Amino acid sequence: MEALVCRKVGDPTLPDEISPISVSDSHPIPSLNSPTAVRVRVRATSLNYANYLQILGKYQEKPPHPFIPGSDYSGIVESVGPSVSMFKIGDTVCSVANLGSFAQYIVVDETELFRVPDGCDLVAAAALPVAFGTSHVALIHRAQLTSAQVLLVLGAAGGVGISAVQIGKVCGATVIAVARGTEKVQILKSLGVDHVVDTSNKNVTESIKNFLKAKKLKGVDVLYDPVGGKLTKETMKLLNWGAQILVIGFASGEVPVIPANIALVKNWTVHGLYWGSHRMHRPGVLEDSVKEPLSWLSRGLIKIHISHSYNLSEARLAFSAIKDRKAIGKVMITFDDHKTARSKL
């Protein structure tokens, strides 16, 4: 089978001759390893910022080399173990793998799979678990966002950002989004965001203050932050008493300082959110965070915005789209003979 193999630490956007990644055309197809194992023929797999960091050697989980990167994926059940009761050959499924999804086949236990509802596009289903799962746990389980609140989403045109603004609208909240560039702003407006700030030509805090004043709103109740850095520091000035800060990531490369003295005085709650660890510590929460968005997708309540799609041999371009922040929504790697239109970098 085809598989993307990472053989050393390095930048996956480098030319092939010095790249840490390469495509193997003859990697062994994984065998069923337990009575409840399922082999899935992968239709598509997401490329997340965490995958880029992991290959760079800068992610919290550092697997030994060589390894096949893993992420959220979808596919069709190709083979099942003798004790599998939840799925049959031909079922459409999606899931998340720490390792192994950047390949034509993957083997997992049946308990790790989610059934993709009828009518849902498989490539869209592959783009859903990590982004929408992260935002679902953050906004539904942790912040318990309500229709009476104001949600501010930084980095709103990225994979998790787009999922956060949509969940915010499903909850009925007033949603403010921050992104950079006209194209990103237009997409966010098309998703029903109440106010979008383009950082390339507007002062973020001033623009948000003017919007809040016009709507007779006191401030921001929930800050969703996958960016960090200077933008976090600026937007904390907009937070209400009793506000909640959701720490999702640090795409800016700078970990922000949240002053404990101000958090004390203003009664802020700071939530760290590492979605993947819920599989071990809160498996029911993780399961709910994928199943409910899949239901929303099947009912048309949310949309999956796929910015770039590549085949496995074009992985370097896919990682470049992530590194250079050219993606609006998700970057995907697709398999099979179906041809998917690809955006130009």
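All values below were derived from every heavy atom in this structure, side-chain atoms included, with hydrogens, water molecules and symmetry-related copies excluded. Since the model is a prediction, treat every value here as computed from it, not as a measurement.
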pair [X]-[Y]: side-chain heavy atoms closer than 4.5 Å:
| X | Y | value |
| --- | --- | --- |
| Gln54 | Pro63 | yes |
| Ile208 | Asn210 | no |
| Cys94 | Pro129 | yes |
| Lys202 | Val204 | no |
| Lys323 | Tyr52 | yes |
| Val40 | Ile76 | no |
| Leu128 | Ile302 | yes |
| Leu273 | Arg142 | yes |

Say you draw a straight line from [atom1] of [X] to [atom2] of [Y]; how long is it, rounded to the nearest 0.5 Å?
| X | Y | atom1 | atom2 | result |
| --- | --- | --- | --- | --- |
| Ser24 | Ile68 | OG | CD1 | 8.0 Å |
| Phe319 | Asn51 | CZ | CG | 5.5 Å |
| Lys189 | His195 | NZ | NE2 | 9.0 Å |
| Phe132 | Lys330 | CZ | NZ | 9.5 Å |
| Cys6 | Ile55 | SG | CD1 | 5.0 Å |
| Glu234 | Lys237 | CD | NZ | 6.5 Å |

Item to check | Full working for side-chain contact (heavy atoms from CB on, under 4.5 Å) between Thr269 and Ile245 | outcome: CA-CA 6 Å; Thr269 300; Ile245 301 172; over 6 Å; no

Please name the pair of heavy atoms, one in [X] and one in [Y], separated by the smallest distance, quoted to 0.1 Å.
| X | Y | result |
| --- | --- | --- |
| Tyr224 | Ser135 | OH-OG, 2.7 Å |
| Ile162 | Ala157 | CD1-O, 3.6 Å |
| Leu188 | Ala179 | CD1-CB, 3.7 Å |
| Ala164 | Leu139 | O-CD1, 3.6 Å |
| Glu110 | Ser83 | OE2-O, 3.9 Å |
| Ile306 | Met332 | CG2-CG, 3.7 Å |

Tell me whether [Y] is reachable from [X] by hopping between hydrophobic residues (I, L, V, M, F, W, Y) whose side-chain heavy atoms are closer than 4.5 Å.
| X | Y | value |
| --- | --- | --- |
| Val80 | Ile29 | no |
| Leu122 | Val77 | no |
| Met86 | Val38 | yes |
| Leu212 | Leu145 | no |
| Ile304 | Val165 | yes |

Sort and list the pairs that fulfil salt bridge (charged side-chain N to carboxylate O under 4.0 Å, His left out) and have at least one residue in [range], not counting sequence neighbours.
| range | result |
| --- | --- |
| residues 155-169 | Lys169-Asp194 |
| residues 259-275 | none |
| residues 275-295 | Glu287-Lys291 |

Can you tell me if [X] and [Y] form a side-chain donor-acceptor pair at under 3.5 Å?
| X | Y | result |
| --- | --- | --- |
| Tyr105 | Arg41 | yes |
| Asn203 | Thr205 | yes |
| Asn48 | Asp72 | yes |
| Ser22 | Arg7 | yes |
| Tyr310 | Thr334 | no |
| His136 | Ser163 | no |

Might you confirm whether atom [atom1] of [X] has over 12 heavy atoms from other residues, nucleotides or ligands at distances under 6.0 Å?
| X | atom1 | answer |
| --- | --- | --- |
| Lys209 | NZ | no |
| Asp118 | CG | no |
| Glu183 | CD | no |

Next on the checklist: Under the criterion side-chain contact (heavy atoms from CB on, under 4.5 Å), I'd like the reasoning laid out for Val116 against Leu297: C-alpha separation, chi angles, the key distance, then a yes or no.
Outcome noted: CA-CA 10 Å; Val116 175; Leu297 180 65; over 6 Å; no

Is a donor on one side and an acceptor on the other found under 3.5 Å between the side chain of [X] and the backbone of [Y]?
| X | Y | answer |
| --- | --- | --- |
| Thr235 | Leu231 | yes |
| Ser95 | Glu112 | yes |
| Asp121 | Ala124 | yes |
| Gln104 | Glu2 | yes |
| Asp225 | Gly228 | yes |
| Asp221 | Val150 | yes |
| Gln166 | Lys303 | yes |
| Ser46 | Ala126 | yes |
| Thr45 | Tyr73 | no |
| Asp324 | Ala321 | no |

Item to check | Residue that, paired with Leu223, satisfies side-chain contact (heavy atoms from CB on, under 4.5 Å) out of Leu246, Leu154, Ile176, Val270 | outcome: Leu154

Next on the checklist: I'd like to check the salt bridge (charged side-chain N to carboxylate O under 4.0 Å, His left out) partners of Lys213; sequence neighbours left out, ordered by chain and number.
Outcome noted: none

Checklist entry - Got a sec, which residues hit side-chain hydrogen bond (donor to acceptor under 3.5 Å, both in side chains) with His65, two or more places apart in sequence or on another chain? => result none

Checklist entry - Do NZ/NE/NH1/NH2 and the carboxylate oxygens of Arg180 and Asp198 come within less than 4.0 Å? => result no

Checklist entry - How does the hydrophobic cluster around Val107 look, that is, which other residues are in it when side-chain heavy atoms under 4.5 Å mark a link? => result Leu32

Item to check | side-chain contact (heavy atoms from CB on, under 4.5 Å) assessment of Ile333 paired with Phe102 | outcome: CA-CA 8 Å; Ile333 290 177; Phe102 285 49; 3.9 Å; yes

